[in-house]
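To start, the structure itself, in structure tokens.
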Amino acid sequence: MKTLLERVTSIGVPRHVALIMDGNGRWARARGLPRTAGHEAGARAAERLVRFVGRRLGVAYITLFAFSAENWGRPKAEVDFLLALLDRFIAEHLGEFVDSGIRLRVIGDVSTLPVAMQRTVANAVETTACGTNLNVTIALSYGGRQDITHACRRILADVAQGRLTPDDVSAEAIARRLDTAGTPDPDLVIRTSGERRFSNFLLWQSAYAELYFTDVLWPDFSPADLVMAIDDFQKRERRFGAVAEVAE
Ligand code: IPE
Ligand code: IPE
Ligand code: MG
């Protein structure tokens, strides 16, 4: 009998899976640990997942929501801890990313990050630019509304400079000016920890994504959980507003 992993990979996995990695704080609290311990465990879960996707799954793009534009509103100590953890995560995995053909991208308002972290990010993006096995996008200081707002500004600048006319402004023209330009829209968006909202994640890009919610807290989210989410995804019919083929 085929394993679930064999089955989902033989059917054809989604091209782009985006993950809202939520529940680190609750995971820690349930163990009597500080929230920071939850974030550390969350980073290990992300590491495990990226390795699995790169080696076993055949998904071409994954996007990880690691720090939202709104997360700046958390206590400074937690923000500092999270950013330092993410900086270290990227720096320490750089060699592994290159060796396993991972191309790293970052979306979000990178200019708001500490300067040293901006350097880590720029170096990692440049060093991994030739990776062709798996595209990993990390959303840092990312907000969907901010992304769309920035795209509007870029469009207005292009119109002001005569490179674009109002009639040229199409959905494609907007998409090309989002941080995600060049990356296909997510097919599947997964949110852990039982919350059922976007929290300002890829708002424009998720217009036709399939949504999957699980009560599993992010630090416990395993490769097997991802395989189950993909199995669920494969049972759905994506219609994109059209009607299913009917024999009349
Ligand atoms: C997700 O876990 C990590 C980030 C948002 C950075 P949380 O820190 O939101 O954990 P909960 O939701 O409080 O459990
Ligand atoms: C969303 O989680 C952001 C990330 C996973 C990075 P939050 O925990 O910040 O979202 P809310 O506050 O519950 O909506
Ligand atoms: Mg949360």
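Residue indices begin at 1 and follow the sequence shown. Here the structure is a predicted model, which means the values were calculated and not measured. Counting starts at 1 for both ligands and their atoms, in listed order.
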**Message:** If the threshold is 4.0 Å, N to carboxylate O, is there a salt bridge linking Arg176 and Glu172?
**Reply:** no
**Request:** Check if Gly23 has a non-hydrogen atom at a distance under 4.0 Å from any atom of ligand 1.
**Result:** yes
**Request:** Give the residue, atom name and distance (to 0.1 Å) of the protein heavy atom nearest atom 2 (O) of ligand 2.
**Result:** Arg191 NH2, 3.5 Å
**Message:** Students should be able to answer this: which protein heavy-atom is nearest to atom 14 (O) of ligand 2, and at what distance?
**Reply:** Ser199 OG, 2.6 Å
**Prompt:** For atom 12 (O) of ligand 1, which candidate among Arg74, Arg26, Arg29, Glu70 provides the closest heavy atom?
**Reply:** Arg26
**Note: Asp231-Lys235 ion pair, threshold 4.0 Å (strictly below)** = yes
**Modelled atom types, side-chain donor and acceptor of Trp218 and Ser193, under 3.5 Å** = no
**Asked** Near Phe67, which atoms of ligand 2 are under 4.0 Å from a heavy atom of that residue?
**Response** 6 (C)
**Atoms of ligand 1 close to Asn71 [distance to a heavy atom under 4.0 angstrom, numbered from 1]** = 5 (C), 6 (C)
**Asked** To the nearest 0.1 Å, how far is atom 3 (C) of ligand 2 from its closest protein heavy atom, and which atom is that?
**Response** Phe65 CE2, 3.6 Å
**Asked** Taking C-beta and beyond as the side chain, do Leu140 and Met117 meet within less than 4.5 Å on heavy atoms?
**Response** yes
**Message:** Less than 4.5 Å apart, side chain to side chain, heavy atoms only: is that true for Val79 and Phe67?
**Reply:** yes
**Asked** Which of these, Ile138, Ile190, Leu226, Val136, sits in a side chain to side chain contact (heavy atoms under 4.5 Å, CB included) with Ile62?
**Response** Val136
**Message:** Looking only at N, O or S atoms in Asp22, which is nearest to the Mg ion (ligand 3)?
**Reply:** OD1
**Prompt:** So which protein heavy atom does atom 10 (O) of ligand 1 come closest to, and at what separation?
**Reply:** Gly25 N, 2.9 Å
**Message:** Below 4.0 Å, non-hydrogen atoms only: which portion of Ala66 touches ligand 2? Side chain, backbone, both or neither.
**Reply:** backbone
**Item:** Between Asn200 and Glu70, a side-chain donor and acceptor under 3.5 Å
**Value:** yes
**Complete:** re atom 13 (O) of ligand 2, the protein heavy-atom contact at minimum distance is Arg197 NH2, 2.8 Å
**Prompt:** With backbone taken as N, CA, C and O and side chain as the heavy atoms from C-beta onward, which portion of Met21 lies under 4.0 Å from ligand 2: side chain, backbone, both, or neither?
**Reply:** backbone
**Message:** For the CZ atom on Arg29, are there more than 12 heavy atoms of other groups (residues, nucleotides or ligands in this structure) within a distance under 6.0 Å?
**Reply:** no
**Prompt:** With a 4.0 Å cut-off on heavy atoms, does Glu195 reach ligand 1?
**Reply:** no
**Message:** I'd like to know whether Arg51 forms a salt bridge (Lys or Arg N to Asp or Glu O under 4.0 Å) with Glu47, so could you lay out the CA-CA distance, the side-chain angles of the two residues, the decisive distance to 0.1 Å, and finally the verdict.
**Reply:** CA-CA 6 Å; Arg51 282 189 186 141; Glu47 173 184 71; 3.5 Å; yes
